[in-house]
Each structure stands twice: as C-alpha cells, then as structure tokens.
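Here's the structure we're looking at; comments come further down.
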Amino acid sequence: EVQLVESGGGLVQAGGSLRLSCAASGFTFDDAAIGWFRQVPGKKREGVSCITTTDGATHYADSVKGRFTISTDNAKNTAYLEMNSLKAEDTAVYYCAAKKGIYSGSYYFLSTHVYDYWGQGTQVTVSS
C-alpha cells in the first residue's frame, strides 16, 4: 500500500519560510513524478511545483517561481518543498502527489489528474 505523508506546515509571518516534506512508503522515488499542490476552500486544487526524478526536471507555477524550490531525496523516498518569501496568498492546504514511471519533465505534471497517489495535506497559514 502506498502512503504519502506531508509534514512541515504551520503558521508563519509574511516574508518567512517553511519547508514541507512528503515521506513515501510503499513507493520509491526513482523514476517517478512528484507534485506539490495547494487548495483553499471553495477553489480548485492547483499545481505548485513538480519534479520528474528520472531527469530531475522541475517546473513551477508562475505564482511561486523564484520563491519555492522542489527537491527529492530518493534514498529517503522523501520530497521537499522549500518555500521562501511567503505571502498571505500562499495560505492553503498543501498536498503532495506521486506517480510511478519514467518521465521527462513537463508542465503536464502540474495537473491533478496525472497522479495516482495523494497525501492527506498539511496546512500552511501565512499571516500578513
């Protein structure tokens, strides 16, 4: 059984930083696509960042480019989302998602329908 568990969310002031983690069990990060998404009540879940571990390609939503960094530690089967210069509009529940396979990086992996596995989410609240 595949499980993804996010952690690292919390309350932070605008301009601050957080690092989210996504630990996987029953799933290895070699040859996979990993995505980070976020959702606020009443809105669709949106893609924030993705990485394809075969080629290491990363993509970001325009709203977070230059502020967020996605990475993986394949030995630990853990993905990270480093979030800097946080803004109030970054407030959301953040989810990680995963799909096994050999892929080349593409903005396609910022789409929710791509993924087979999802975590339960972690709340990020940025106070202004």
Side-chain angles (χ1 to χ4, degrees):
E1 180 188 5
V2 175
Q3 283 192 320
L4 302 177
V5 179
E6 302 96 336
S7 61
L11 174 64
V12 63
Q13 287 189 332
S17 299
L18 283 174
R19 188 176 82 155
L20 305 184
S21 299
C22 172
S25 58
F27 186 95
T28 57
F29 277 19
D30 52 316
D31 296 329
I34 309 296
W36 282 99
F37 295 79
R38 65 187 182 188
Q39 190 170 23
V40 297
K43 291 192 175 182
K44 291 182 179 180
R45 192 170 296 187
E46 65 169 349
V48 173
S49 182
C50 59
I51 184 169
T52 43
T53 62
T54 303
D55 61 359
T58 60
H59 290 81
Y60 298 90
D62 287 344
S63 58
V64 306
K65 274 181 186 174
R67 300 189 298 122
F68 290 12
T69 303
I70 189 172
S71 63
T72 61
D73 183 333
N74 292 358
K76 295 182 178 180
N77 290 326
T78 301
Y80 304 97
L81 186 69
E82 184 76 36
M83 307 187 296
N84 298 314
S85 302
L86 282 161
K87 305 175 182 180
E89 51 263 45
D90 295 318
T91 296
V93 177
Y94 282 72
Y95 300 87
C96 68
K99 182 177 180 65
K100 194 67 176 171
I102 298 174
Y103 304 107
S104 295
S106 166
Y107 281 99
Y108 172 75
F109 293 102
L110 286 178
S111 303
T112 56
H113 71 273
V114 168
Y115 293 92
D116 298 320
Y117 307 105
W118 290 84
Q120 82 291 346
T122 185
Q123 176 71 47
V124 171
T125 303
V126 183
S127 63
S128 56

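Using a 4.0 Å cut-off between charged nitrogen and carboxylate oxygen, Lys99 and Asp31 do not count as a salt-bridge pair.
Summarising the hydrophobic clusters (Ile, Leu, Val, Met, Phe, Trp, Tyr; side-chain heavy atoms under 4.5 Å, direct or chained), the residues clustered with Leu11 are none. Residue Tyr103 is found in a hydrophobic cluster whose other members, listed by chain and number, are Phe37, Val93, Tyr95, Tyr108, Phe109, Val114, Tyr115, Trp118; membership requires side-chain heavy atoms under 4.5 Å apart, directly or through intermediates.
Counting only residues at least two apart or on different chains, the ring-ring contact (aromatic ring centres under 6.0 Å, His included) pairs with a member in residues 49-68 are His59-Tyr107.
Proximity of a side-chain donor or acceptor of Ser85 to a complementary backbone N or O of Gly15 within less than 3.5 Å is not detected. With hydrogens and angles ignored, the 3.5 Å screen pairs no side-chain donor or acceptor of Gln120 with any backbone N or O of Val5. With hydrogens and angles disregarded, a donor-acceptor distance shorter than 3.5 Å links the side chain of Glu6 to the backbone of Gly121. Between the side chain of Asp55 and the backbone N or O of Gly105, at least one donor-acceptor pair lies under 3.5 Å. Within the 3.5 Å criterion, the main-chain N or O of Ala32 finds a donor-acceptor partner in the side chain of Thr53.
Nearest heavy atom pair, residue Ala98 against residue Ile34, reads CB-CD1, 3.7 Å. In terms of heavy-atom proximity, Gly26 sits nearest to Val2 at O-CG2, 3.2 Å. Considering all non-hydrogen atoms of both residues, Trp36 and Ala79 come closest at CZ2-O, 3.9 Å. Listed here is the closest heavy atom pair of Cys50 and Ser106: SG-O, 3.8 Å. A pairwise comparison of heavy atoms in Ala14 and Ser128 identifies CB-CA, 4.2 Å as the closest pair.
With rounding to the nearest 0.5 Å, the separation of CD in Gln13 from CG in Leu86 is 11.5 Å.
Not counting sequence neighbours, Tyr80 has no partner by the ring-ring contact (aromatic ring centres under 6.0 Å, His included) test. A search for side chain to side chain contact (heavy atoms under 4.5 Å, CB included) contacts involving Val124 returns Leu18, Leu20, Met83, Tyr94, Val126, not counting sequence neighbours.
With a 6.0 Å radius and a threshold of 12 heavy atoms from other residues, nucleotides or ligands, Lys65 has its NZ atom above the threshold.
Side-chain contact between Thr112 and Lys44: absent, with no pair of heavy atoms (C-beta onward) separated by less than 4.5 Å. Side-chain contact between Arg38 and Leu81 is absent, with no heavy-atom pair separated by less than 4.5 Å.
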Quiz: residues 71-78 side-chain donor-acceptor pairs under 3.5 angstrom, not counting sequence neighbours:
from	atom 1	to	atom 2	distance (Å)
Thr72	OG1	Asn74	OD1	3.0
Asp73	OD1	Ala75	N	3.2
Asp73	OD1	Lys76	N	3.3
Asn77	OD1	Phe29	N	3.1
Thr78	OG1	Lys76	O	2.9

